[in-house]
Amino acid sequence: MYKAKAYSVSSATSPFASSTIERRDPTEHDVQMEILFCGICHSDLHQARNEWSGVMPTVYPCVPGHEIVGRVTKVGPAVKKFKVGDLGAVGCMVDSDRTCPECKQGNEQFCPNFVLTYNFPDKHTGKVTYGGYSDSIVVDEHFVLHVPANLNLAGAAPLLCAGITTYSPLRHWGVTKGKKVGVVGLGGLGHMAVKFSHALGAHTVVFTTSESKKDDAKRLGADEVVISKNADEMAKHAGSFDFILDAVAATHDINAYINLLARDGNITMVGAPDQPLPVAVFGLLMRRRSFSGSLIGGIAETQEMLDFCGKHNITSDVEVIPVQKINEAYERLVKSDVKYRFSIDMASLKG
Ligand code: NAP
Ligand code: ZN
């Protein structure tokens, strides 16, 4: 074991503070990385504040962070994918059983024995896993991704969660040229969905509660922008969408979006509000519409997404912050005041 520097919270109501955690020394198949950048996902906030206590209660101290880009500093003797000095990236998972039907089909995110990057039982330490708000991490090479060399690293970090979480359902539901696609909520996930939907050639419409994000939405690739509080603007799109991706972090009226779907249209939730969303079933019955969810993406698909980003030069629009500003960043995240992802420059942890 060795000691790593980190930023952690010690309860649902305490602020982030500098701390020290224990990490394992790399074993046979492990890659050790110096973390260069780590994105701040709204899931980090949900978990740091124990907002998902009903589903996955937070164990304290908690070190969040699952949008990690770094430089390989050490590899175990059996590691084949990486050598010291390579760039590497880690997303939301650090392990799975590799033997179940889901793993065999590349759906590690649905493996009953998967291990999330933080706040999950860690068989190596007997504690819980600690995430990327830290100077280093040790991960099995299967869960370490290659970052295309042309991408800006601060902007590439959020691809590891916000990127794959939006790319995966857009691909699953067949988003291509000729489709009409809606994206609800222009935050970290939403702005990546807009970039991907646009790159895939779909007619992309952003639904936002923030009037001030209208111009940005267009710049990010939206063909149209709807202020969702305006009922007349919403009504103009009734029954017209092939697919809508909902990336809202709080409870909201899902039925208003179900009614915008065309026949056989689908709305997929990637946002994870802590409270149930009431669904008016008649909205689904009419036009055979469906309502579903999606969770991150598998490892092979995450690499496919990174390669797609390399080819199309896609990264997240980031506000780079030092680790000492995490508390401020969380306050802004709650107010939907982020353009469009905070990316922590981990060099700031060295001082
Ligand atoms: P974020 O950056 O905070 O963006 C959320 C956006 O939702 C806000 O920018 C805002 O957009 C909109 N919004 C917020 N409160 C709202 C409200 N009360 N009513 C309507 N719209 C509201 O968050 P994020 O990091 O993108 O994460 C979004 C959600 O996805 C979180 O719940 C997170 O936990 C979840 N998530 C899920 C997965 C998965 O695998 N399914 C993976 C990662 C994250 P506008 O200002 O444009 O309205
Ligand atoms: Zn995330």
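Just so you know, ligand 1 is whichever comes first in the structure, and atom 1 is the first atom listed for that ligand.
Here is the list of ligand 1 atoms found below 4.0 Å of a heavy atom in T165: 38 (C), 39 (C), 40 (O), 41 (N), 42 (C). Residue T209 has at least one heavy-atom neighbour below 4.0 Å for each of these atoms of ligand 1: 20 (C), 21 (N), 45 (P), 46 (O), 47 (O), 48 (O). Counting the atoms of ligand 1 from 1 in the order shown, those under 4.0 Å from a heavy atom of V248 are 7 (O), 13 (N), 16 (C), 20 (C), 21 (N), 22 (C). Listed by number with element, the atoms of ligand 1 under 4.0 angstrom from any heavy atom of C161 are 42 (C), 43 (C). Applying the 4.0 Å criterion to heavy atoms of L295 picks out, from ligand 1, the atoms 40 (O). Of all atoms in ligand 1, listed by their number and element, those nearer than 4.0 Å to a heavy atom of W52 are 34 (O).
In terms of polar-atom proximity, H46 is counted as a contact of ligand 1, with an N or O under 3.5 Å from an N or O of the ligand. Residue-to-ligand polar distances keep G190 apart from ligand 1: every N/O pair is separated by 3.5 Å or more. Checked against a 3.5 angstrom limit, the closest N/O atoms of L186 and ligand 1 fall inside it. Ligand 1 has an N or O atom lying under 3.5 Å from an N or O atom of S294, backbone or side chain. At least one N or O atom of A272 sits closer than 3.5 Å to an N or O atom of ligand 1. Polar contact check, S210 against ligand 1: a nitrogen or oxygen pair lies under 3.5 Å apart. Below 3.5 Å of separation, one finds an N or O of I296 facing an N or O of ligand 1.
At the shortest separation from atom 47 (O) of ligand 1 among protein heavy atoms lies T208 OG1, 2.5 Å. Looking at atom 3 (O) of ligand 1, its nearest protein heavy atom turns out to be H42 ND1, 2.7 Å. The nearest heavy-atom contact from the protein to atom 4 (O) of ligand 1 is G187 CA, 3.3 Å. Looking at atom 5 (C) of ligand 1, its nearest protein heavy atom turns out to be A247 O, 3.7 Å. Nearest protein heavy-atom neighbour of atom 9 (O) of ligand 1: K213 NZ, 3.2 Å. Looking only at heavy atoms of the protein, atom 26 (O) of ligand 1 is closest to L189 N, 2.8 Å. Atom 34 (O) of ligand 1 has its closest protein heavy atom at S43 OG, 2.8 Å. Scanning the protein for heavy atoms near atom 2 (O) of ligand 1, the closest one is G188 N, 2.9 Å.
For D264, the CG atom counts as densely surrounded, since its 6.0 Å shell holds more than 12 non-hydrogen atoms of other residues, nucleotides or ligands. Within 6.0 Å of CZ on R219 lie more than 12 heavy atoms contributed by other residues, nucleotides or ligands. At most 12 heavy atoms of other shown residues, nucleotides or ligands fall within 6.0 angstrom of atom NE2 in H198.
Residue contacts with ligand 1 do not include M269, since none of its heavy atoms lies under 4.0 Å from the ligand.
Counting heavy atoms under 4.0 Å from ligand 1, residue A250 touches it through the side chain alone. With a heavy-atom cut-off of 4.0 Å, F342 does not touch ligand 1 at all.
At a threshold of 4.0 Å, the pair R341-E319 does not count as salt-bridged, since none of the basic side-chain nitrogens sits closer than that to a carboxylate oxygen. Taking a cutoff of 4.0 Å between a charged side-chain nitrogen and a carboxylate oxygen, E34 and K350 qualify as a salt bridge. A salt bridge links K195 with D317: the distance from a Lys NZ or Arg NE/NH1/NH2 to an Asp or Glu carboxylate oxygen falls below 4.0 Å. Salt bridge status for D140 with R98: present, with a side-chain N to carboxylate O gap under 4.0 Å.
S197 places no side-chain N or O within 3.5 Å of a backbone atom of A193 that could act as its donor or acceptor partner. Side chain of D223 to backbone of T204: a donor-acceptor contact under 3.5 angstrom is found. Formation of a donor-acceptor pair under 3.5 Å by the Q32 side chain with backbone atoms of P26 is not found in this model. Between the side chain of N107 and the main chain of F110, no donor-acceptor pair closer than 3.5 Å is present. A donor-acceptor pair is defined here as one N or O able to donate and one able to accept, closer than 3.5 Å; no such pair exists between the side chain of R287 and the backbone of G265. Distance alone, capped at 3.5 Å, places no donor-acceptor pair between the H237 side chain and the M234 backbone.
Rounded to 10°, the angle formed at the Zn ion (ligand 2) by SG of C161 and NE2 of H66 is 110°.
In the hydrophobic clustering of ILVMFWY residues, with side-chain heavy atoms under 4.5 Å counting as a link, F342 and L220 come out apart.
Taking the six-membered ring where tryptophan is involved, the planes of Y133 and F16 are tilted, since the angle between them lies from 30° to 60°.
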